[in-house]
*Asks:* 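Here you go, one structure.
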Amino acid sequence: MMYLAKDPLVMSSTAGSSRILLCEDDPVIAMHFQAVLETSGYVVVGPVCTGTEALMEADRHPPDLALVDIGLRGAIDGISVAAELASRAVPVIFLTGDYQRACLDGREFAADILIKPVSDGAILKTVASVLQPGQQC
């Protein structure tokens, strides 16, 4: 289900100015998440499918938040990307099918963890809550 940008339940007041780095190695899932976020008014950096690309994009277009699949392709996985972004004060939401690994290896770097498959509404609510702590969506 796609959410419209004018839907008051998912449109955050920070959406228009918030840049989200999208790190997902499945192109179909990445395109879907990108559409959901852009439809809701967020600026999407990426999507990227490797950790190296994620860090390069973060250098070029510093994000306000990152959605990171922990199982990114290449030598740098999503947990390593999250660790680097955390050192830059960029909050990370893990998107993963491997909750145990996310909790054991990466919990200290994650603002939240979403388990795939994840609904569009859950993504948007979590993004809004991380960008605006303490505010209701």
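Sequential numbering from 1 along the given sequence is applied to the chain's residues.
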*Asks:* Given Gln34, which partner from the list Thr39, Val44, Ile29 fulfils the side-chain contact (heavy atoms from CB on, under 4.5 Å) test?
*Replies:*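 It is Val44; the other options fail the test.
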
*Asks:* Is it true that a side-chain atom of Asp64 and a backbone atom of Arg19 form a donor plus acceptor pair closer than 3.5 Å?
*Replies:*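 Yes, Asp64 side chain to Arg19 backbone: donor-acceptor pair under 3.5 Å.
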
*Asks:* To the nearest 0.5 Å, tell me how far Cys23 SG sits from Phe33 CZ.
*Replies:*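 Going from SG on Cys23 over to CZ on Phe33, the span is 12.0 Å.
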
*Asks:* Just do the side chain to side chain contact (heavy atoms under 4.5 Å, CB included) check on Tyr42 and Leu124 with the steps written out, would you?
*Replies:* CA-CA 10 Å; Tyr42 295 101; Leu124 293 172; 4.2 Å; yes

*Asks:* In the structure I gave you, are the side-chain heavy atoms of Ile76 and Val81 within less than 4.5 Å of one another anywhere?
*Replies:*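 In contact.
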
*Asks:* Which atom pair, heavy atoms only, marks the closest approach of Ala102 to Ile70?
*Replies:*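 Taking every non-hydrogen atom into account, N-CD1, 3.9 Å.
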
*Asks:* Does some side-chain heavy atom of Leu114 sit less than 4.5 Å from a side-chain heavy atom of Ile123?
*Replies:*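 Result yes, sub-4.5 Å side-chain heavy-atom pair found.
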
*Asks:* Apply salt bridge (charged side-chain N to carboxylate O under 4.0 Å, His left out) to the pair Asp26 and Arg73, showing each step before the final yes or no.
*Replies:* CA-CA 10 Å; Asp26 182 312; Arg73 296 180 199 153; over 6 Å; no

*Asks:* What's the spacing between Ile93 CD1 and Asp69 CG if we round to 0.5 Å?
*Replies:*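 Taking CD1 in Ile93 and CG in Asp69, the distance rounds to 13.5 Å.
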
*Asks:* If every non-hydrogen atom of Leu72 is compared with every non-hydrogen atom of Gly78, which pair is closest and at what distance?
*Replies:*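 Nearest pair, atom of Leu72 first, then Gly78: CD1-CA, 4.0 Å.
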
*Asks:* In terms of side-chain geometry, is the basic nitrogen of Arg88 or Asp59 positioned less than 4.0 Å from the acidic oxygen of its partner?
*Replies:*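 Yes, this pair counts.
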
*Asks:* Ignoring hydrogens and geometry, is there a side-chain-to-backbone donor-acceptor pair from Glu38 to Ala35 under 3.5 Å?
*Replies:*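 No; judged by distance alone, with no hydrogens or angles, the pair does not exist.
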
*Asks:* Evaluate the side chain to side chain contact (heavy atoms under 4.5 Å, CB included) criterion for residues Phe94 and Val68: first the C-alpha distance (whole Å), next the side-chain angles of each, then the deciding distance (0.1 Å), finally the verdict.
*Replies:* CA-CA 5 Å; Phe94 282 133; Val68 179; 4.3 Å; yes

*Asks:* Determine, for Asp112 against Lys125, whether the closest basic-nitrogen to carboxylate-oxygen distance falls under 4.0 angstrom.
*Replies:*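 No, no charged N to carboxylate O under 4.0 Å.
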
*Asks:* Does Glu24 pair with Lys116 as a salt bridge, N-O distance under 4.0 Å?
*Replies:*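 A salt bridge links Glu24 with Lys116.
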
*Asks:* May I ask whether Ile79 and Leu55 are part of the same hydrophobic cluster, defined by side-chain heavy atoms of I, L, V, M, F, W, Y residues being less than 4.5 angstrom apart, directly or through others?
*Replies:*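 Yes, it is one cluster - the side chains of Ile79 and Leu55 are joined through contacts under 4.5 Å.
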
*Asks:* If Ile, Leu, Val, Met, Phe, Trp and Tyr residues are connected whenever their side-chain heavy atoms lie under 4.5 Å apart, and connections chain through other members, are Ile20 and Phe109 in the same group?
*Replies:*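 No: no chain of side-chain contacts under 4.5 Å links Ile20 to Phe109.
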
*Asks:* Please say yes or no: joined through hydrophobic side-chain contacts below 4.5 Å, possibly via intermediate residues, are Leu65 and Val36 part of one cluster?
*Replies:*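 Per the 4.5 Å side-chain linkage, Leu65 and Val36 are co-clustered.
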
*Asks:* Backbone N or O of Glu53 within a donor-acceptor pair of the Glu57 side chain at under 3.5 Å?
*Replies:*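 Side chain of Glu57 to backbone of Glu53, a donor-acceptor pair under 3.5 Å: no, none is there.
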
*Asks:* Leu67 and side-chain contact (heavy atoms from CB on, under 4.5 Å): which single residue from Leu21, Val127, Val130 fits?
*Replies:*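 Only one option passes, and that is Val127.
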
*Asks:* I need the minimum non-hydrogen distance between Asp25 and Gly71, along with the two atoms involved.
*Replies:*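 Taking every non-hydrogen atom into account, OD2-O, 2.9 Å.
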
*Asks:* Would you call Val43 and His61 a side-chain contact if the rule is heavy atoms closer than 4.5 Å?
*Replies:*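 They are not in side-chain contact.
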
*Asks:* Are Arg101 and Thr96 packed together at the side-chain level, in the sense that at least one heavy-atom pair is separated by less than 4.5 angstrom?
*Replies:*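 Sidechains of Thr96 and Arg101: no contact.
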
*Asks:* If we only count heavy atoms from C-beta on, is the Ile115 to Tyr99 side-chain gap below 4.5 Å?
*Replies:*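 Ile115 reaches Tyr99 side chain to side chain.
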
*Asks:* With rounding to the nearest 0.5 Å, note down the distance linking OG in Ser18 to CG in Leu37.
*Replies:*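 Interatomic distance, Ser18 OG to Leu37 CG, rounded to 0.5 Å: 10.5 Å.
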
*Asks:* Would you find a donor on one side and an acceptor on the other, under 3.5 Å apart, between the side chain of Ser129 and the backbone of Thr126?
*Replies:*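 Here the side-chain-to-backbone pair exists.
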
